[in-house]
Amino acid sequence: MAAAMAASRSLRNLLIRRVMAPAPQGLSLSLRPMSSIAQDEASTAAPREAPDHSYESLQVTVAQKHILHVQLNRPEKRNAMNRAFWREMVECFNKIAQDPDCRAVVISGAGKSFTAGIDLMDMASEILQPQGDDVARISWYLRSLVSRYQETFSVIEKCPKPVIAAIHGACVGAGVDLITACDIRYCAQDAFFQVKEVDIGLAADVGTLQRLPKVIGNQSLVNELAFTSRRMMADEALSSGLVSRVFPDKVGMLDAAFTLAAEISTKSPVAVQGTKINLVYSRNHSVADGLNYTATWNMSMLQTQDIVKSVQAAMEKQELKNVTFSKL
């Protein structure tokens with residue numbers, strides 16, 4: 001007990017020394033109690049179009065301060081994924097990854113469904129009439145095509161900003177590929193999920209078969225869903241771990257998703273984005289490899305002033321939403 005108390009005092013003294021240490025040049029750090037800062041007007045203003053995000057198949061808005069809302073925006077087609085979508089998602093999330101103002105993202109679908117999956121009418125010419133004049137060249141073309149489609153969802157996983165999927169209505173085929181690349185999934189009670197590819201004569205090839213087993217941790221259930229293309233309803237999605245919460249309707253679900261995104265956005269972006277990167281890495285590596293990666297990561301990240309600010313807030317019993325963290 002005495003040893004534990006001594007260790008606690010040592011840690012407290014270390015943190016106090018860190019807080020009291022001279023700030024790097026250009027950084028002003030006050031040790032006076034932080035005043036309560038009113039919520040930024042941008043966080044309560046009506047959503048506005050995000051700058052540099054103009055698309056045919058997507059609508060991107062600034063929902064609140066530090067939060068972007070990416071909507072699949074072909075409601076008349078149940079948000080079916082056309083050729084523009086596969087290109088624009090990559091462009092969109094590459095920009096988000098580099099956006100220092102963005103700290104969290106919510107993805108949802110406009111209209112009555114999240115997505116009906118691939119727009120077969122629009123995509124048929126690429127898939128069913130591939131380029132090339134022999135088997136080798138046709139195969140080379142198709143491999144390149146599938147690899148490009150895979151990047152459409154891998155780019156979500158690679159994006160360091162946490163991405164919350166908010167799903168209502170149908171989430172079919174490539175929709176499951178999309179949401180399994182997201183970090184957190186909420187759904188409305190009317191949502192259903194369907195690995196549809198076997199019904200159109202192919203194996204899912206842009207992420208579901210690779211990510212879904214790791215998301216729900218039940219290979220038997222994954223096999224059942226993938227072999228039969230049966231629907232998984234919202235309650236089963238919750239019990240299996242595909243989603244973490246179910247809400248009565250779309251409005252309540254989106255409110256909860258944005259509340260969650262707002263909570264995430266109050267934390268240090270160094271901490272949150274580093275956490276996502278390490279979680280994704282560790283999922284596909286051994287514990288030893290993951291620990292080694294984290295040690296290498298934190299040998300630089302532990303030097304951030306965000307730790308000083310967070311500890312100061314804790315010592316002064318201030319909420320993190322009143323702490324100003326630099327852009328990242």
Side-chain angles (χ1 to χ4, degrees), residues 4 7 11 14-15 89-90 93-94 96-98 102-105 107 143-144 146-165 167 171 174-186 193 195 197 203-227 232 236-245 260-261 263-264 267-304 306-307 310-311 328:
L11 178 59
L14 175 63
L15 291 173
M89 280 288 284
V90 176
F93 273 90
N94 280 336
I96 290 173
Q98 300 299 320
C102 178
R103 296 185 185 176
V105 183
I107 297 182
R143 188 182 193 284
S144 175
V146 172
S147 295
R148 281 190 280 123
Y149 290 167
Q150 290 173 343
E151 184 64 14
T152 299
F153 303 135
S154 292
V155 74
I156 299 173
E157 190 172 75
K158 294 174 185 176
C159 177
K161 318 301 170 71
V163 181
I164 303 163
I167 306 129
C171 180
V176 179
D177 296 287
L178 189 163
I179 66 167
T180 52
C182 296
D183 303 296
I184 299 168
R185 288 163 293 277
Y186 283 179
F193 307 84
V195 184
E197 283 79 358
D205 57 4
V206 289
T208 289
L209 302 185
Q210 292 70 39
R211 295 188 177 101
L212 186 58
K214 295 177 179 178
V215 168
I216 67 176
N218 185 330
Q219 190 67 52
S220 177
L221 178 57
V222 171
N223 293 348
E224 178 188 334
L225 296 170
F227 295 158
M232 172 186 274
E236 186 181 5
L238 177 63
S239 65
S240 70
L242 179 58
V243 301
S244 51
R245 296 184 68 185
L260 176 63
E263 174 68 15
I264 292 170
K267 315 297 183 184
S268 156
V270 172
V272 171
Q273 295 179 41
T275 296
K276 173 172 178 175
I277 289 168
N278 277 274
L279 283 170
V280 172
Y281 181 90
S282 294
R283 184 193 63 191
N284 296 319
H285 293 80
S286 69
V287 172
D289 286 345
L291 289 170
N292 183 60
Y293 188 86
T294 299
T296 303
W297 182 271
N298 266 357
M299 71 183 191
S300 57
M301 295 300 119
L302 285 175
Q303 300 178 63
T304 177
D306 288 12
I307 294 177
S310 297
V311 170
L328 182 64

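One is the number of the first residue; the rest follow in order along the sequence. Worth saying up front: this structure is predicted, and the values here are computed from it rather than measured.
Under the 4.5 Å side-chain criterion, counting only non-hydrogen atoms from C-beta, Leu221 is in contact with Ser240. Using a 4.5 Å cut-off on side-chain heavy atoms (C-beta onward), Ile184 and Pro162 make no contact. Side chains of Leu225 and Phe193 form no contact here, defined as non-hydrogen atoms less than 4.5 Å apart.
Minimum heavy-atom separation, Tyr186 to Ser244: CE2-OG, 3.4 Å.
Without hydrogens or angle criteria, Arg185 side chain to Leu242 main chain gives a donor-acceptor distance under 3.5 Å. Between the Ser310 side chain and the Ile307 main chain, no donor and acceptor come within less than 3.5 Å of each other. In this structure, the side chain of Gln98 does not engage the main chain of Asn94 through any donor-acceptor pair within 3.5 Å.
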Give the intermediate values and the outcome of side chain to side chain contact (heavy atoms under 4.5 Å, CB included) for residues Val163 and Ile96.
CA-CA 11 Å; Val163 181; Ile96 290 173; over 6 Å; no
List the steps and the verdict of side chain to side chain contact (heavy atoms under 4.5 Å, CB included) for Lys276 and Asp183.
CA-CA 8 Å; Lys276 173 172 178 175; Asp183 303 296; 2.9 Å; yes
Checking Val90 against Arg148 for the side chain to side chain contact (heavy atoms under 4.5 Å, CB included) test, could you report, in this order, the C-alpha distance in whole Å, the side-chain angles of both residues, the deciding distance, and whether it holds?
CA-CA 9 Å; Val90 176; Arg148 281 190 280 123; over 6 Å; no
Would Ile179 and Cys171 count as a side chain to side chain contact (heavy atoms under 4.5 Å, CB included) if you check the C-alpha gap in whole Å, the side-chain angles of each, and the deciding distance to 0.1 Å?
CA-CA 9 Å; Ile179 66 167; Cys171 180; 4.0 Å; yes
Applying side chain to side chain donor-acceptor pair (under 3.5 Å), run through Gln219 and Asn223 and close with a yes or a no.
CA-CA 6 Å; Gln219 190 67 52; Asn223 293 348; 2.9 Å; yes
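Atom SG of Cys102 is separated from atom CG of Leu328 by 11.0 Å, given to the nearest 0.5 angstrom. The CH2 atom of Trp297 sits 3.5 Å away from the CD1 atom of Ile277 when rounded to the nearest 0.5 Å. A distance of 7.5 Å separates OG of Ser282 from CG of Leu291, quoted to the nearest 0.5 Å. Here the straight-line distance linking atom OG of Ser147 with atom CD of Glu151 works out to 9.5 Å at 0.5 Å rounding. For the atom pair Lys267 NZ and Asp306 CG, the distance stands at 13.0 Å (nearest 0.5 Å).
By the ring pair (Phe, Tyr, Trp, His ring centres under 6.0 Å) test, Tyr281 is found to be paired with His285, Tyr293, residues two or more places apart in sequence or in another chain being considered.
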Check residues 203-216 and write down every donor-acceptor pair under 3.5 Å in which the side-chain atom is one partner and the other belongs to a residue at least two apart or another chain.
from   : atom 1 : to     : atom 2 : distance (Å)
Thr208 : OG1    : Asp177 : N      : 3.1
Thr208 : OG1    : Asp177 : OD1    : 2.8
Arg211 : NE     : Glu157 : OE2    : 2.9
Arg211 : NH2    : Ser154 : OG     : 3.1
Arg211 : NH2    : Glu157 : OE1    : 3.3
Lys214 : NZ     : Asn284 : OD1    : 2.5

